[in-house]
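Here's the structure, in structure tokens; my notes come after.
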There are 2 protein chains.
Amino acid sequence: MNLSRQDQPIYLELAETLRREVQRMQPGDYLPGELHLATRFAVNRHTLRRAMDELVQEGQLARHKGKGTRVLDRPVIYPMRAESAYSASLSAQGLGVEARLLERRVRPASEAEAERLQLDPGAAVLELLTLRLIDKQPVSLIRHRYDAVLEPVLADYEGGSLRGFLADRGTALTRAYSLIGARLPSREEADRLLMSRQAPLLSVLTLSQNPAGQPVELSYSTSRADRFQYQVTP
Amino acid sequence: MNLSRQDQPIYLELAETLRREVQRMQPGDYLPGELHLATRFAVNRHTLRRAMDELVQEGQLARHKGKGTRVLDRPVIYPMRAESAYSASLSAQGLGVEARLLERRVRPASEAEAERLQLDPGAAVLELLTLRLIDKQPVSLIRHRYDAVLEPVLADYEGGSLRGFLADRGTALTRAYSLIGARLPSREEADRLLMSRQAPLLSVLTLSQNPAGQPVELSYSTSRADRFQYQVTP
DNA sequence: GGCGATTTGTCCGTATGTATC
DNA sequence: AGATACATACGGACAAATCGC
């Protein structure tokens, strides 16, 4: 029998209670431990966790294994960016732009990659995963893929402007086309970009070609939509 | 002890397996029962559920109490070319494009609008709010703003291609630039686009000009990111 | 640095409720 | 009414990360 007078499940009622609780705390504070809270609310730890899941989902809490559960910054009120212009001039104004190479690997191309890069099915591709920061803040994750024959050229790349690096070595690339979309981040992306899983990412798939018009580079970037806008000028 | 050779938790590995499984099924199909699947993958039912949670979260599955778990429609993505008009670009792909005029009003321009459209501060602007549907599915909300002197020209507009409507009346517009971003929908937007408040929107702010190069139209579109992509080709 | 205590993460087992067929 | 399927809740156990002593 359900002893609650509510018809809602306990975990949802509890989530509501926790929301009010969290509201009164400061961002950065840690909640009491799960066992403590479960005891206090007289529910099983799993039920408490299920309730906290809701708040984590909403981007109000972040869990840290071995440490505790932290109250996140208040949800950003999404501004009408249409009119606040995070313009190209800002990023061009010598704001600290940084690129960190996170991963480098050579692997067989997927079917879609082979088609876009005009490679033989299963040909080797070089994949670079880069994190881009502006003013010390992580903004974008970019996955570049090249025909593996370019590996020697890119062997020394450690970070910084990849475009510039290639141009310096005689491979100036131009964009053939881009596909722009938006989605929510995966667990890993949210982690690396220090963002909530509930905040959107702007994704850009770009195929670039060398001066001869051959497709050379396939890049897929995902950027925090609250820190990044894409401008198109014909 | 963890018997898996992977370092990922079982439920994430299992989610990956399920994704491949679901991929091969038809939208509308029901998955085998949780107990059956749990047995088949030799995990506890809770572990299976935890894995399925991931796919539900991703919008691939929907649970129905007492019935089962259904494979959802795969979102169709409509690429929209930056250089051409909305309707033309999409109907060229054989898609049923429809535009419904939701609101029409004349009001004073905001500061930002006046600047972009090169109007005097406080000048009147004509604002149109349009809902665009593709294949009967709501996809975009578009807010167009014009110098109010264009009102007589647009007085008869009731829906359909706005670009075409203007071109027919001697005002062919071209794009000056676009700013593309992403955010979560407001309650009203989610409502009108029949979408979840947790799913992202792709937003595009476009300034268009007449053949003389004068800015004439400021449009701000918000589109369901699960159905809409933006394509840029230089 | 090591070690134990604390805290979150994962997994299993079991029981019961509720909606659907 | 009975069987089936998903939903909720409790219990125990151990792993993994963190922190303080």
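Per chain, numbering begins at 1; letters A, B, ... match sequence-line order. Predicted, not measured: the structure shown is a model, and the values here were computed from it.
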Any idea which heavy atoms bring [X] and [Y] closest together, and the distance?
X         : Y         : value
Leu194(B) : Pro138(B) : CD1-CG, 3.8 Å
Tyr11(A)  : Thr47(A)  : CB-O, 4.0 Å
Ala15(A)  : Leu55(A)  : O-CD1, 3.6 Å

Proximal nucleotide (of [options]) relative to the [X] side chain:
X        : options                   : value
Lys67(B) : dT8(D), dT8(C), dC21(C)   : dC21(C)
Asn44(B) : dT14(C), dA9(D), dT18(D)  : dT14(C)
Thr69(A) : dC11(C), dT8(C), dT20(C)  : dT8(C)
Lys65(B) : dT18(C), dG13(C), dA13(D) : dT18(C)

d([atom1], [X]; [atom2], [N]) in whole Å:
X        : N       : atom1 : atom2 : value
Tyr11(A) : dC10(D) : OH    : C1'   : 16 Å
Arg70(B) : dA5(D)  : CZ    : C1'   : 15 Å
Leu12(A) : dA9(D)  : CG    : C1'   : 13 Å
Leu35(A) : dC10(D) : CG    : C1'   : 14 Å
Leu14(B) : dC11(C) : CG    : C1'   : 12 Å
Arg63(B) : dC6(D)  : CZ    : P     : 8 Å
Tyr30(A) : dA17(D) : OH    : P     : 16 Å
Arg50(A) : dG11(D) : CZ    : C1'   : 19 Å

dC12(C) OP1/OP2 closer than 4.0 Å to side-chain N/O of Thr47(B):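 Yes.
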Which is more 5' along DNA chain D, the nucleotide nearest Ala42(A) or the one nearest Glu34(B)? Just name the residue.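 The residue mapped nearer the 5' terminus is Glu34(B).
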If you draw the axis of the six-membered ring of Tyr177(A), does the NZ or CZ of Arg175(A) fall within 45° of it and under 6.0 Å from the ring centre?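 Negative - Arg175(A) is either too far from the ring of Tyr177(A) or too far off its axis.
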Ignoring hydrogens and angles, answer whether the base of dG12(D) and the side-chain atoms of Arg45(A) contain a donor-acceptor pair closer than 3.5 Å.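 Such a pair does not exist between side chain and base.
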Does the dA9(D) base have a donor-acceptor partner in the side chain of His46(B) within less than 3.5 Å?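 Pair found.
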Reckon Arg49(A) touches a base, only the sugar-phosphate, or nothing at all at heavy-atom distances under 4.0 Å?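 Base, at least one base heavy atom under 4.0 Å.
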Describe, in one word, how the ring planes of Tyr230(B) and Phe228(B) are oriented to each other, choosing from parallel (under 30°), tilted (30 to 60°) and perpendicular (over 60°).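 The arrangement is tilted - the two ring planes meet at 30° to 60°.
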